[in-house]
Structure formats: structure tokens, C-alpha cells
Amino acid sequence: MAPSPTGPLHVGNARTALYNFLFARRQGGVFILRIDDTDLERSTAEDEAYIFDGFQWLGLGWDEGPFRQSERLDIYKEHAARLLAEGHAYRCYCTPEELAEERRLAEAEKRPYRYSRRCLSNPPPGRDSFTVRLQMPETRLSIEDLIRGTVSWDTALIGDPVIVKSDGWPVYNFASPLDDALMKVTHVIRAEEHLSNTPVQIVLLDFLGYARPEGYAHLPWVLAPDRTKLSKRRHRVLLTQFRDAGYLPEAVVNYLALLGWNPGTEEEIFTLEELVARFDLARVQKAGAIFDQDKLDWINGIWIRRLPVEELARRLAPFLVELDEATLKRAAPALQERLRTLVDARELLTYLWERPGPPELDPESAERLRSAAAALRDTDWTPGAIEAALERLREEHGWTRNQLFKPIRSAVAGGNSPPIHDTLALLNKQEALDRMLRAVA
RNA sequence: GGCCCCGUCGUCUAGUGGACCAGGACGCAGCCCUCUCAAGGCUGAGAUCGCGGGUUCGAAUCCCGCCGGGGCUACCA
């Protein structure tokens, strides 16, 4: 896996990373993390930190690395020199303006643009700034893509690509396949946008005498609801955003795995380990998939319910900073089947740190509330005792649960809250009784 | 423009010539359960399989054409 630190990790990168991880583990192979940071302008340390962070959060541990391309310049220089010496590449002294002019002309004449190769035969003299271009051969190439099957190209149709920029740094199409070969990468699993880059990379490998990867797999896009590319501005796409919004890494992994892949059975809920056991590139989808927040929410709810309660309490802590650990532990069981995200808990428990406004009560409700307060005064402050006391009271008067609980809830919590005995027990006893009495005062 | 990829319910998908007048899941609607909110159970609506030809006794599945979307065509990755 070789992400570029040119922006925070988003769900598309994360899914590519996941599929790489699953494939590597499934094969019993080695999962390598390489940082493709040859674009010095756009790469930042902050974005690199996001990558480590994101991988860690999702539980995608790498076996080797991280390697950084920015630390391997000598290797690229050496290989570029070899290509030059062996006549597979040449220096190009054309200025960006000249190239733009060539391109403009081709467009005006409605012919497909390809670099003219001027510098191959007679470079303009007296210039010292140059790029290195790969001299594309005229041949037919094909790969067996693990997802798409046979894909082939006529390399004569591809213009000589720049492989070394005038600042001496290699471009992606040079550094990436070269490093793959040097690092003995067997399978290149990456986003669909790279499919068209493959022939250039193969030509390069062939010239250098390095073996082509055993397999390629080009993954389909992850799209926004309008089928456009995900945008950081308009959509929630950053891993950190999901974490902050109360999503579990288990759920994100599970959902991402299903976004473009299925096990061929009707099962949908998987741990990382279970995914490793089932994953198969041949079952990856070819078409782009829209990221569906609703389905993620559903899966997140399932994973919340699968957590041991103590663990749920721990994960809830950052989202309920108003509450102490003991309260969290007591609240967790009642919360568990009511949450789709961890932040949902705030809505149900706000009453614990904020007094609700005075409820509107009809005379009968007020009377029931008064009775409840009286009955509860001498009750042990545990959910079980409270429930028993209220049930006794209810039977005594022939009230329905709704008749009795509704006024209590509105006096104590205001809006929605956990089952009434939990709602009460979680609150300090005196405070709960005060709220009830204040409502009927 | 050239080359390449893609196209099944709103969404994720099953489907590789007959068991498909297309199955599952999310979402949606209704019912049940129920102290609010959920969770859970049941039922339902929802796809002329992008379009048009062809092959075949038979096509979502094979072939051809078209349309639509996307990528590459950068001294980004």
C-alpha cells in the first residue's frame, strides 16, 4: 500500500488500504507501507501522520515500512541514468510554454496530441534545465487484471512520458513501479484511476529488466450520492471525521469491505479476521459504488450492540465528558440497544447534566407524579428497586405504564431517555425527587 | 478528440444460457411488541437487468452497434 500524503486519509484510500491488507493477509504475504511523497510541493508531515493514525485506528498493521520515496532519490537517479545510457530515455529541454503550444496546435488541428520528440533528435542548444522522457516503443501490451480481466493497449498511441522532473525528482509513474519491483511487490492493488498508467509502468519495468508484478487489481471508485467523486468540502469522507462522529473502527472496516466486495453469501457482518478469511479479489465489483451513510449507521449500531458493556462504556467516555466513569458503566447497558453512533448517547443522557424545563401536566398526571415521588422516597436507588416500587404503585391504582411513566419522564428528563427505572437510577436520588416535586409545585 | 474502464430495485449487491415474470441487505411504508427512544419480529412497495439489434427452443447472462458515466492523455498521484 502506497498512499500519498497530499491530503488527509479519506474513505477511498482507506478502502484501498483495507483490500491490500486483506489480500496480503489472506495470501500469508507481507503488507508493506510506503509513502509516495515525490511531490514535494503537496506532501506534508501532517498528512503523513494522518495515514499512520488512520491505519492504526482501523487495525491495519503493516509488516514492513514505512518507506518514504523522498528518502530514495539516489535509487531513482541511478535508474534514470541507466535508462538514459541504454537509450530508453532521453533528455527533454522543451519549456512548459513550448509544450503547451504543441498541445494547442494539435488540438486546433483536431489530431490526438503526443509529444513531438523534438528533443530526441535535435534538442535546442544552450539550455540546461531538462526533464527525462521515456521513449515509448511501438508494441501491444496487456495485463490480466484480477478484477477486470484482460486489458490491453497500443503503446504507439502513448506520448513519451516525463519520468524525471526538471527538479530531479521522479514522477509517480517512474518511482512507483520501480519501488514495487525493488521491494518485491507481487500484487499491485490500487484505484481505478491508475489503470491507464499501467502500460507506461510496464514499459519501464521491461526496459530496466525487472519482472512485472504477478498481478494487478484496479479497484472501482467510491462515489458521493450524486455519483461524482467524493469531495472533502461537501462530504464527510475523512477517517477522523468518522471517528469524531461516533463510528467504531470495526463498523467502518466492515462497511468499507462490503462497499465493492461481497462474500458470495448473505452474511454481512464481519470482523477484520473474518474478512481476511473470506476476502477474494475475484469478487470485487467493477463499477463504482456510492458511499451510503445509512448503511454505515446500521452496521455501526450492530457493532455497538456487539461490544461488551464495559468496553462500550470506555468508548463512550470521550463523547460524554460530563459523566464520570461509574455513571458511564451504569448507563452503558441501557444505552447499548439505542445507539447507532456513540454521539447518539448525548441526546439520551443530556438530562444528567442539564435540568429540563418545567413540564406541562394535566391534573391527573400531576397526581400520579406526586404519588410516584412519595413512593420513591423510601426506595433503594437501584433500577430493580425503582422498577418494583413503580410497578406496585401502578397496580395499586390501576394505572397503565404510560400514564405513570410519562409524567415522570417529562419531569425528570424532559425528552427521550432510557427506560424509566434506568433514567431515575442514573440520576442522583435527591435530584430526581426534587425534579419530580418541582414539577407539581 | 485519442486510448482505456464501467452500466441489475433510491443505495450496496446476488446472478457466469433454463431452478429469475430477477434473490438478499440498507433505507422507506404498514403491522406486532412496547413507559419515551431504540432494539427485535412479520408484511409490503420498489428493477421492462442503460438502449437497439442479433445468436439460441430459451439471454440479465454470448455477439454487434449505440447511448450515458468515469479515468488517462501533467515537469499531480
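Letters A, B, ... mirror the listed sequences (proteins, then strands); counts begin at 1. What you see is a predicted model, and the numbers here were worked out from it, not measured in a lab. Atoms considered below: every heavy atom in the structure, side chains included; atoms not considered: hydrogens, waters and symmetry mates.
- Base pairing of B:rC3 is made with B:rG71, judged by Watson-Crick or G-U wobble geometry with both donor-acceptor distances under 3.5 Å.
- For the pair A:Ile302 and A:Pro96, both in contact range of RNA chain B, the more 5′-proximal nearest nucleotide belongs to A:Ile302.
- Base pairing annotation: B:rA19 forms no Watson-Crick or G-U wobble pair, as no partner gives both donor-acceptor distances under 3.5 Å.
- The partner of B:rC37 cannot be assigned: no Watson-Crick or G-U wobble pair with both contacts below 3.5 Å exists in any strand.
- Remark: B:rC42 base-pairs with B:rG30; criterion is Watson-Crick or G-U wobble with both hydrogen-bond distances under 3.5 Å.
- We find that A:Asp179 and A:Arg68 are not joined by a salt bridge, their nearest charged nitrogen and carboxylate oxygen being 4.0 Å or further apart.
- Within 4.0 Å of A:Arg409, counting heavy atoms only, lies at least one base atom of the nucleic acid.
- Here the closest non-hydrogen pair linking A:Leu134 and A:Val200 is CD2-O, 4.0 Å.
- Within 4.0 Å (heavy atoms only), A:Glu41 reaches no atom of the nucleic acid at all.
- Think of the region where chain A sits on RNA chain B: with heavy atoms and a 4.0 Å cut, that region ends 5' and 3' at B:rG1 to B:rA77.
- Residues meeting the salt bridge (Lys or Arg N to Asp or Glu O under 4.0 Å) test with A:Asp36, sequence neighbours left out: A:Arg34.
- The only member of A:Glu101, A:Glu98, A:Glu102 that meets salt bridge (Lys or Arg N to Asp or Glu O under 4.0 Å) when paired with A:Arg118 is A:Glu98.
- For the P atoms, the distance linking B:rG52 with B:rU61 amounts to 13 Å, nearest Å.
- Counting non-hydrogen atoms under 4.0 angstrom, A:Ser176 reaches nothing in the nucleic acid.
- No engagement by A:Arg114 is indicated, since no non-hydrogen atom pair under 4.0 Å with the nucleic acid exists.
- A:Gly260 comes within 4.0 angstrom of the backbone, heavy atoms only, and of no base.
- Just one of A:Ser43, A:Ser70, A:Ser4 meets the side-chain hydrogen bond (donor to acceptor under 3.5 Å, both in side chains) condition when paired with A:Asp37; it is A:Ser70.
- Nearer to the 5' terminus of RNA chain B, by closest-nucleotide assignment, is the contact made by A:Tyr255 (compared with the other of A:Tyr255 and A:Tyr172).
- Judged by Watson-Crick or G-U wobble contacts below 3.5 Å, the nucleotide B:rA14 has no partner.
- Looking at heavy-atom distances under 4.0 Å, A:Thr6 makes no contact with the nucleic acid at all.
- A ring pair (Phe, Tyr, Trp, His ring centres under 6.0 Å) with A:Tyr255 holds for exactly one of A:Phe291, A:Trp303, A:Trp298; it is A:Phe291.
- Contact annotation for A:Trp169: no contact, since no heavy-atom pair falls under 4.0 Å across all strands.
- Ring centroid separation for the pair A:Phe279 and A:Phe23 does not come in under the 6.0 Å cut-off.
- Within the 4.0 angstrom heavy-atom criterion, no nucleotide atom of any strand lies near A:Lys406.
- Among the protein residues, A:Ser152 comes within range of the sugar-phosphate backbone only, with heavy atoms under 4.0 Å from sugar or phosphate atoms but none that close to a base.
- Across all strands shown, B:rU61 forms no Watson-Crick or G-U wobble pair with both distances under 3.5 Å.
- Remark: B:rG50 base-pairs with B:rC66. Criterion, Watson-Crick or G-U wobble with two distances under 3.5 Å.
- As judged by a 4.0 angstrom heavy-atom cut-off over every strand, A:Leu195 is placed among residues touching the sugar-phosphate backbone only.
- Here A:Glu268 pairs with A:Lys295 in a salt bridge; the nearest charged N to carboxylate O distance falls below 4.0 Å.
- The residue A:Arg227 sits close only to the backbone: its heavy atoms come under 4.0 Å of sugar-phosphate atoms, none of a base.
- Using a 4.0 Å heavy-atom criterion, one finds that A:Arg190 contacts no nucleic acid atom at all.
- In this structure, A:Glu193 reaches the bases: a heavy-atom distance under 4.0 Å links it to at least one base atom across the strands shown.
- Contact annotation for A:Asp36: backbone-only contact, meaning every heavy-atom pair under 4.0 Å involves sugar-phosphate atoms and none involves a base.
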